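Shown next, in structure tokens, is the structure this report addresses.
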Amino acid sequence: MGLLENMRQKAGQHQSETERSTYAITVREYFITDDIQWFEDRSRWEKLQSIGYERKTITIKETGESHVEERYYLCSIKPIAELFAIAVRRRWNIENSLHWTLDVVFREDSLGFKEKKAVHNLGLIRRFVMFIIKLMKAYYGRSMRRVRKTIGRKPETELPLILAVLRVLYTNDLLDSIDELAK
């Protein structure tokens with residue numbers, strides 16, 4: 001019997017979910033084990049407790065065509081499939097949310113930079129600007145894309161407003177910190 005079959009037989013080390021949409025059926029299987037003695041590099045991972053595996057099978061309803069995506073994870077959690085599934089889904093939610101925002105607000109996918117340092121530096125700048133735009137979104141009550149366009153059209157008039165918002169946040173954080181110290 002293979003490793004995956006062994007995990008499927010053990011209570012709590014396997015979980016399966018099926019998601020149906022208009023166009024496809026997605027089956028996600030999560031396997032996790034604390035049987036890691038075979039893993040040669042385990043000493044390099046201080047908090048390593050388990051190894052997880054995710055297999056996602058997507059079947060297109062119209063054609064019946066399927067494809068499989070597989071991912072492996074080194075984990076610092078106990079071998080509980082339900083907990084592992086939550087961790088995997090949250091990780092991808094964060095990743096997809098950030099990527100979607102960067103693509104919609106900054107059209108990041110259409111940029112064609114090849115220089116690694118330039119890509120890294122521009123990514124840092126975009127994330128910093130995204131932080132500023134998120135702050136200003138609350139002030140303007142508009143979408144992040146509209147806030148970016150507003151700031152981009154007249155940066156000389158918007159910059160003092162941005163600095164004022166940052167100053168208020170800094171002052172409030174500073175006052176909160178002083179209040180905490182006084183307690």
Side-chain angles (χ1 to χ4, degrees), residues 1-109 111 119-120 122-138 141 143-145 147-148 169 173 176-177 180:
M1 190 179 308
L3 181 62
L4 294 179
E5 283 305 315
N6 283 339
M7 284 188 277
R8 192 175 269 133
Q9 300 302 320
K10 286 187 180 178
Q13 290 191 346
H14 171 258
Q15 180 173 323
S16 182
E17 303 170 348
T18 302
E19 179 183 309
R20 298 175 190 279
S21 71
T22 306
Y23 306 104
I25 299 170
T26 304
V27 178
R28 289 182 177 85
E29 290 185 277
Y30 302 96
F31 298 86
I32 190 164
T33 183
D34 58 357
D35 178 16
I36 58 173
Q37 298 308 312
W38 57 270
F39 184 56
E40 293 176 11
D41 286 341
R42 68 183 177 276
S43 63
R44 296 176 65 196
W45 300 87
E46 185 180 321
K47 296 181 181 181
L48 181 65
Q49 286 192 36
S50 56
I51 294 178
Y53 168 72
E54 175 198 19
R55 179 172 48 208
K56 180 166 76 170
T57 306
I58 302 169
T59 305
I60 307 301
K61 285 182 177 178
E62 190 174 297
T63 63
E65 183 180 315
S66 292
H67 74 277
V68 177
E69 297 175 6
E70 300 174 294
R71 292 180 184 87
Y72 295 87
Y73 298 85
L74 299 178
C75 305
S76 61
I77 60 174
K78 295 183 187 227
I80 302 168
E82 187 176 356
L83 180 62
F84 174 59
I86 291 168
V88 169
R89 284 192 305 270
R90 282 195 180 153
R91 179 210 184 272
W92 285 107
N93 280 346
I94 292 167
E95 182 93 15
N96 291 337
S97 174
L98 175 64
H99 178 76
W100 181 85
T101 302
L102 288 170
D103 191 35
V104 168
V105 176
F106 296 106
R107 295 186 187 153
E108 195 171 59
D109 282 348
L111 302 175
V119 170
H120 175 73
L122 288 170
L124 290 174
I125 291 168
R126 278 192 292 275
R127 282 160 181 76
F128 174 73
V129 170
M130 190 169 67
F131 167 74
I132 299 294
I133 290 172
K134 279 185 179 182
L135 288 176
M136 298 311 292
K137 179 182 175 196
S143 71
M144 288 181 62
R145 190 172 185 181
V147 170
R148 180 187 60 85
L169 286 174
D173 284 347
D176 290 344
S177 299
E180 284 295 315

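Since the structure is predicted, the reported quantities are computational estimates derived from the model, not experimental observations.
- Applying the ring pair (Phe, Tyr, Trp, His ring centres under 6.0 Å) criterion to Phe128, with sequence neighbours excluded, gives no partner residue.
- The OG1 atom of Thr33 sits 9.0 Å away from atom CH2 of Trp38, with the distance rounded to the nearest 0.5 Å.
- In the displayed structure, Glu70 atom CD is contacted under 6.0 Å by more than 12 heavy atoms of other residues, nucleotides or ligands.
- Ile51 places a side-chain heavy atom less than 4.5 Å from the side chain of Leu74.
- The side-chain hydrogen bond (donor to acceptor under 3.5 Å, both in side chains) check on Glu17 picks up Gln15, Arg89, with sequence neighbours excluded.
- From Ile80, atom CD1 reaches atom SG of Cys75 across 11.5 Å, with rounding to the nearest 0.5 Å.
- Of all non-hydrogen atoms in Gln49 and Ser76, the two that sit nearest each other are NE2-O, 3.5 Å.
- Expressed to the nearest 0.5 Å, how far OH of Tyr23 lies from NZ of Lys61 amounts to 10.5 Å.
- Judged by distance alone, the side chain of Arg44 and the main-chain N or O of Asp41 form no donor-acceptor pair under 3.5 Å.
- The side-chain contact (heavy atoms from CB on, under 4.5 Å) check on Ser43 picks up nothing, with sequence neighbours excluded.
- Considering only heavy atoms from C-beta on, Pro79 comes within 4.5 Å of Ile32 through its side chain.
- If you run side-chain contact (heavy atoms from CB on, under 4.5 Å) between Tyr53 and each of Tyr72, Tyr73, Tyr30, only Tyr72 comes through.
- By the side-chain contact (heavy atoms from CB on, under 4.5 Å) test, Arg20 is found to be paired with Thr18, Ile25, residues two or more places apart in sequence or in another chain being considered.
- Every residue meeting the side-chain hydrogen bond (donor to acceptor under 3.5 Å, both in side chains) condition with Ser66, not counting sequence neighbours, appears here in chain and number order: Thr59.
- Ionic pairing of Glu69 and Arg71 is present here: one or more N-O contacts between side-chain nitrogen and carboxylate oxygen are shorter than 4.0 angstrom.
- For the side-chain hydrogen bond (donor to acceptor under 3.5 Å, both in side chains) test, no residue two or more places apart in sequence or in another chain qualifies with Glu62.
- Considering only heavy atoms from C-beta on, His14 comes within 4.5 Å of Phe31 through its side chain.
- Judged purely by atom type and a 3.5 angstrom limit, Lys78 has no side-chain atom pairing as donor or acceptor with the backbone of Asp34.
- Between the side chain of Arg55 and the backbone N or O of Val68, no donor-acceptor pair lies under 3.5 Å.
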